[in-house]
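Below you'll find the structure, written out as structure tokens, and then a few comments.
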Amino acid sequence: DSGSKEGPSQEEAPDVVEGDNELETDEGDAGGEKTIAFVPKQLGNPFFVAIKDAMEEEAGKEGYIFKTNAPDASTEVDKQINIAEAFIEEGVDALVLGPTDATALVDVINSAAEKGIAVFLVDSGADESDYVSYIGTDNYEGGILAAEWMGENVKGQVAIIDGFAGNEATTQRYKGFMDAIEEYPDIEVVTSDYGNGDLSMGMSVAENFLVAYPDLAGIFAVDDMMAIGAGQAVEAAGKKDSVKILGFDGQPDAAEKILEGTLDATIAQKPATMGRITVEFITAFLNGEKVDSFISTGCDIVDISNAELYKEWQ
Amino acid sequence: MKNQDKPTPIVEFKGICKAFLGVKALDNVSLKINKGEVHCILGENGAGKSTLMKILTGVYTADEGDIFINGNQVDICDIRQAQELNIGTVFQENSLIPHLTVAENIFLTREIKNSIGLMDWNSMNKECIEWGRKLGVNLDPSITVNKLSVAEQQIIEIVKMFSRNPHIVILDEPTSALSDSEIENLFRIVKEMQKQGVTFIYISHRMDEIKTIGNSATVLRDGQYIATIDNIKEIETEKIISYIVGRPLDEQFPGREAEIGEVIFEVKNLSVPKVLDNINLQLRRGEVLGFSGLMGSGRTETAKAIFGALKRSEGSIYMYGEEIDIKGPHDAIKHGISYLPEDRKEEGLFLEKDISWNVVFSSLHKMKRTNLLDMKEEKRVVEKYKTQLDIRTPSIRQVTKYLSGGNQQKVVFAKWLYAETDVYIFDEPTRGIDVGAKSEIYNIINDLVTCGNAVIVISSELPEILGICDRIAVFHEGTIATTLDRTGATQEKIMHYAMGGDISG
Amino acid sequence: MDKTAEKKDSIFSKLSRVSGTGALLPLLIIIIFLSIFTKSFLTTSNIMQVLRQAAVYSIMATGMTFVIITGGIDLSQGSVLALCCVTSAFTINSTGNMWLGIIVAILTGAVVGLVNGVVVAYIKIPAFIMTLGSLYVVRGLTLYITNSTQVAVQHDKFKVIGQGFLFNIPIPVYIFLIVGAIAYIILEHTATGRYIFAIGSNEATTRLSGVKVERNIIKAYLFSGICVALAAVVYLSRLSAAQPTAGQSYELEAIAAVVIGGTSIAGGEGGIFGTLVGAVIIAIIRNGLVLLGVGSFFTQIVVGLIIVGAVSLDVIRRRLAMNK
Amino acid sequence: MDKTAEKKDSIFSKLSRVSGTGALLPLLIIIIFLSIFTKSFLTTSNIMQVLRQAAVYSIMATGMTFVIITGGIDLSQGSVLALCCVTSAFTINSTGNMWLGIIVAILTGAVVGLVNGVVVAYIKIPAFIMTLGSLYVVRGLTLYITNSTQVAVQHDKFKVIGQGFLFNIPIPVYIFLIVGAIAYIILEHTATGRYIFAIGSNEATTRLSGVKVERNIIKAYLFSGICVALAAVVYLSRLSAAQPTAGQSYELEAIAAVVIGGTSIAGGEGGIFGTLVGAVIIAIIRNGLVLLGVGSFFTQIVVGLIIVGAVSLDVIRRRLAMNK
Ligand SMILES: Nc1ncnc2c1ncn2[C@@H]1O[C@H](COP(=O)(O)OP(=O)(O)OP(=O)(O)O)[C@@H](O)[C@H]1O
Ligand SMILES: Nc1ncnc2c1ncn2[C@@H]1O[C@H](COP(=O)(O)OP(=O)(O)OP(=O)(O)O)[C@@H](O)[C@H]1O
Ligand SMILES: [Mg+2]
Ligand SMILES: [Mg+2]
């Protein structure tokens, strides 16, 4: 679906550039610095914090004022809109969103663009709207990658620990995995349950899986937190050798666990890269340069062979 | 005793039975009430009087038996049906809504509405004031009732009931919180309405009232019908009491031989802003000191201020000549002062807890072995008080809310007796208590002073004050107007000082 | 001159008797603070935005006020918000008729409210428990019927409800003022309102006065359900998409608005005016903290402190008034 | 023979007087149901697992029971769990001493409990409000000090607490039984316990009986904080990592366990035994529904229904007993 987004935003690009010019005169008058505001889904998740930290560091280097605020939970779509609206009201120069909902954020994106604010999306996309660029991972592709790893390394029964019910990103991973796993007749997906992105719940869910399916050969957790939990459950049950565990995100903690052997692999995203590229794009765009409307920062498979590299967010 | 040729009674109960948790509150009770009478229902605490009335008003449904109104059998399943039958009630328990105003309470469920269906406050307030005037009281219709004293609330309840123009009126101990003048007022209205053909069912433990207002009476004991008295004014009080308690009662105020000793307790310059002003008093070993006065004269406040339950702005308290520091009830108890509150349900008891729990509660340190409570000791102590105070209950594990008023009061007494303090303050100790239990309570008080303790009794019943106290402090608007000796005190003298008469008069 | 003084006094004392005026003080302090320390807070457009943001919470809180005044609580509000959004979105998408969507939302809210009310009133289990149960059941149901994916709404006019303006004032503001006004009239000027207060004040004596207690308890929960449905309509229209996970823990914000507004959590006391002020306070704080550039962790800390602070202020004020 | 009958009767009647036996019936029904319809439920290893999963909740719920019996509530528990995990993890990582970590966790829980208790007891704001405020403040603080990243614990022996076994029984099970037993003794066999019941039953009478009400309210919240800290130690040891977002809405589960166990949400009545049964019921349901292969949306629906069902059953049972 990334393809469909490219068209419209390129068409709208001239509009935004006009707005941009206005802003530059503003800046000239005030003689001050430019402001970047970042509104992720939430800041209770290290993944988003990694994006924020990278963005903040990069913005500092480039001399921007960097502001951030987020809803308490990624389900609070309206609060994210409220925060975005406050930043728009304040007249920031660039607004970076990690949309909690692809549809709901469209109007805010458009109204920001209307006021001449350059809108960038990171990590999650949005429906057709006037944003400049989307920098993220294709979660569906990531799911396919996960299925490929599973197909090549595991035979038999596989269970899935899903994220928060209704979460778009994890749902895409789930779908990608399910669609691609069909190709591997040796694998039977026997069950799935929600672990809400929580370490402890991931652990409990895995424990229950192990009882219900004694012959289980693999677990795919759609994020690393739950994968770490599942890894501990498997270790405690003494099934470390018979059950393979695959996570998603590429957290430093997960890399550690892979090195320790409690996790087998994870699909890494690159939040730090996302953050840095976003700031680079903002600078380019504000300088009147043209930027791509979609950049995939890509997914990698992390296993024992390359885990050392991922002890820092990539 | 019954007359066959009388007209059909306005209310008739036939074979009413009602049991709670195996306790037979009413056992095959039948009685008739004639139109236009004031019919008293008499009996000890727990005899089933209130229960019978609650069956008539649909609060409870009878297990067995029928009710007839004007000769027609009726089936009253809820209070609204009783209201439709023009039965008006003042319940024993307060039944006003604390956060609503006087007018809102009086007009609850029959609000006056304006043309677009909204509440018409003006009309309601006006009518409210009018009803108050009819009953001889000044009402502020827009004040919330939780700001009123118990007595004022009781009056509002009576106004509320009369304003519904009932044909049958049930008054369940309406005077327990009223002063003499207010009682007089109430009786005036009752007589007036009686002339208009209204029938009254009247419940009270005060014999003088029954003689004054009643025409006929029915006596219940232990849920059973005992007797009907057709003309109450002609029968001696002793006879009525013997029906009620099932035996002749020797003396209402038993005498005592307590030796009055040295001063053991003293209060100096006690003041609470806006409520109490410079209260001074002394209490001797073996003495019963009475607090008399009108409603709201500050007797309860004095007691609570001494006990540390009310913050005092000034004043010092001495025990055996030494000043003691009372910051809260725990200090008071530690120094040997106890206080039995006037509202036993709200301040004296844990209604949801059993007898045993309540009795030992203030003295848990006494039944500790190591750091844990000694349950055997608890049982022994409570059984002892059960026997000593004759608490009538199937078991000390009975939840106190299911006890009758008198027995509840005895539980609170047991709690403070077990605390074994030197000075006891009893606030309205016999409010709502039957004649039999009253004299038992007087006996408890006598025993206490005989053992060398000192007691303060707060009471609104003048005969009681005169009957049991050695000295009487008369309160007037937050001060002690005078202190009278038992020998020189009369009802008239007390009233004179209580109403603010000067010392010389 | 004397007379005018008297009149002023009586107006003032009348005003101070309206429940909820206690919350005006913290509101004022916060507004002054933000006006001084941020440049964009006191602009018309920002104020309008804040009011629009307050709409969803204040409509929910209006319903919550009824329930809390009866001495109950409605923990299911957040879940019901999501369910109403979803049923409404389905209806609009399948029929293309936004009015039908609104009606279905209201019916959904009413049904859950009715069930809550009937169980609380007749089985007499504590409201906290019943609505905690509904919180789980309704959320599970919502996830189940959507298979936990969001439902985008395809209807252009429907957006107007949440996003449109009338005379430069956002439409949600009208909606919350109208709902508030109706609730105020019901509570203060009808018999039902008095019964709702009476039940919270003392249920047993209310029954002894001949009030049909059960029926009025049910009415309060029904009203809460309907308010949530109206909030859901505004929410859905603003977002154009129904997420089955929407509204989680919004009941806590609604409760916070109610108590900041001076309604007693024990029932029997309170009012709508305070609730609206409370909802606006919360919205302003959230907005103000963004404008102040405070990070989102601090937002949580400050929101928590304000909840406790506002209620403490109210409690202390009353205690002082008592001692006067 | 007659005598034995009498004795049995008295044991039975004594047992039925222990608060919480009402919850044994639903527990039994659920166990029988699951034993019939799944093959793996009634295996030792599964039962042990369920008990271990119940540990964290039941320790929290034990503390919650104290607070609820005083007539209060502690909504901050979930947030405090996270804070305790984090402070403990920091301590263990920086000192390498697990005992120090445990002490710091307990101190953290105690401090928050103390603050909750002092404000509730002295300023007399409703517990619901105070702890709702703490919920936000503590969470914000936790996110702030961790910058919202998790803290992995580097300590091998520490793991034993949450993951180890003793005589084939998981260590967390011992912990929750010991905490439960201590709490039971405090509540039923000490003066403090009686005072806690008394405060929830009738605060005015309690005060007039010479009890220092404030001090005992504070004790209850303090105990709740300490229980949460102990739960946090188990939790942290089990996961070997402290997440700043841990424990969200765990307070609701704890409350659910308490009320399923027959403690009255209005205060004054209840007990620890029921709470432990309640926590086990919830853990069994979550486990059982997975074994049954039921989707997780249904888990929420079933948990909701069980909460309402268990309490309704209890209420109805009592009402029938009254009419007997
Ligand atoms: N709701 C109830 N549940 C259980 N027992 C009750 C209940 N109400 C009354 N009883 C019991 O029924 C009996 C009769 O009580 P009732 O209140 O009718 O007495 P009464 O004659 O009005 O006494 P008093 O003079 O103290 O008011 C008592 O033993 C009382 O304990
Ligand atoms: N909670 C309260 N709020 C406001 N006023 C009160 C309160 N309690 C008592 N008062 C007022 O204080 C005054 C004295 O109180 P109170 O009626 O208890 O005195 P009393 O002499 O003990 O009379 P009583 O016979 O009623 O016990 C009265 O005017 C009463 O209305
Ligand atoms: Mg009675
Ligand atoms: Mg008094």
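From a predicted model like this one, the values you see are computed outputs, not experimental measurements. Just so it is clear, the values below take in all heavy atoms, side chains as well, and ignore hydrogens, waters and symmetry mates. Every chain is numbered from 1, with letters handed out A, B, ... down the list of sequences.
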Could you tell me the separation between the CG atom of Leu208(D) and the CZ atom of Phe307(B), rounded to the nearest 0.5 Å?
6.0 Å
Segment of Glu346(B) engaging chain D (4.5 angstrom heavy-atom cut-off)
backbone
Output the option from Gly210(D), Gly193(D), Gly268(D) having the highest count of non-hydrogen pairs under 4.5 Å with chain B.
Gly210(D)
Quick check on Lys345(B) against chain D: is it the side chain, the backbone, both or neither that has a heavy atom closer than 4.5 Å?
backbone
Residue-level contacts of residues 112-128 of chain D with chain B, using a heavy-atom cutoff under 4.5 Å:
none
Residues, nucleotides or ligands: over 12 heavy atoms within 6.0 Å of Glu64(B) CD
no
So what's closer than 4.5 Å to chain B heavy atoms on Thr192(D): side chain, backbone, both or neither?
neither
Quick one: list whatever passes side-chain contact (heavy atoms from CB on, under 4.5 Å) with Ser362(B), sequence neighbours left out.
Lys415(B), Trp416(B), Ser209(D)
The test is side-chain contact (heavy atoms from CB on, under 4.5 Å); show your working for His330(B) and Arg207(D) and say whether it passes.
CA-CA 8 Å; His330(B) 47 95; Arg207(D) 202 178 294 274; over 6 Å; no
Please test Leu372(B) against Thr190(D) for side-chain contact (heavy atoms from CB on, under 4.5 Å), starting from the C-alpha separation and ending with a verdict.
CA-CA 5 Å; Leu372(B) 302 183; Thr190(D) 70; 3.8 Å; yes
List the residues meeting side-chain hydrogen bond (donor to acceptor under 3.5 Å, both in side chains) with Glu420(B), not counting sequence neighbours, and say none if there are none.
Lys366(B)
Lys353(B) side, atom NZ; Asn202(D) side, atom CG - distance, nearest 0.5 Å:
11.0 Å
Residues in side-chain hydrogen bond (donor to acceptor under 3.5 Å, both in side chains) with Arg344(B), at least two apart?
none
Per-residue contact mode, Leu349(B) against chain D (heavy atom under 4.5 angstrom)
backbone
Determine, step by step, whether Thr205(D) and Phe361(B) satisfy the side-chain contact (heavy atoms from CB on, under 4.5 Å) criterion, reporting the C-alpha distance in whole Å, the side-chain angles of both residues, the deciding distance to 0.1 Å, and the verdict.
CA-CA 10 Å; Thr205(D) 303; Phe361(B) 186 75; over 6 Å; no
Indicate, with yes or no, if the rings of Phe350(B) and Phe197(D) have centres closer together than 6.0 Å.
no
Audit row: Arg194(D), Leu364(B), side-chain contact (heavy atoms from CB on, under 4.5 Å) steps and yes/no:
CA-CA 9 Å; Arg194(D) 293 248 173 137; Leu364(B) 291 176; 3.7 Å; yes
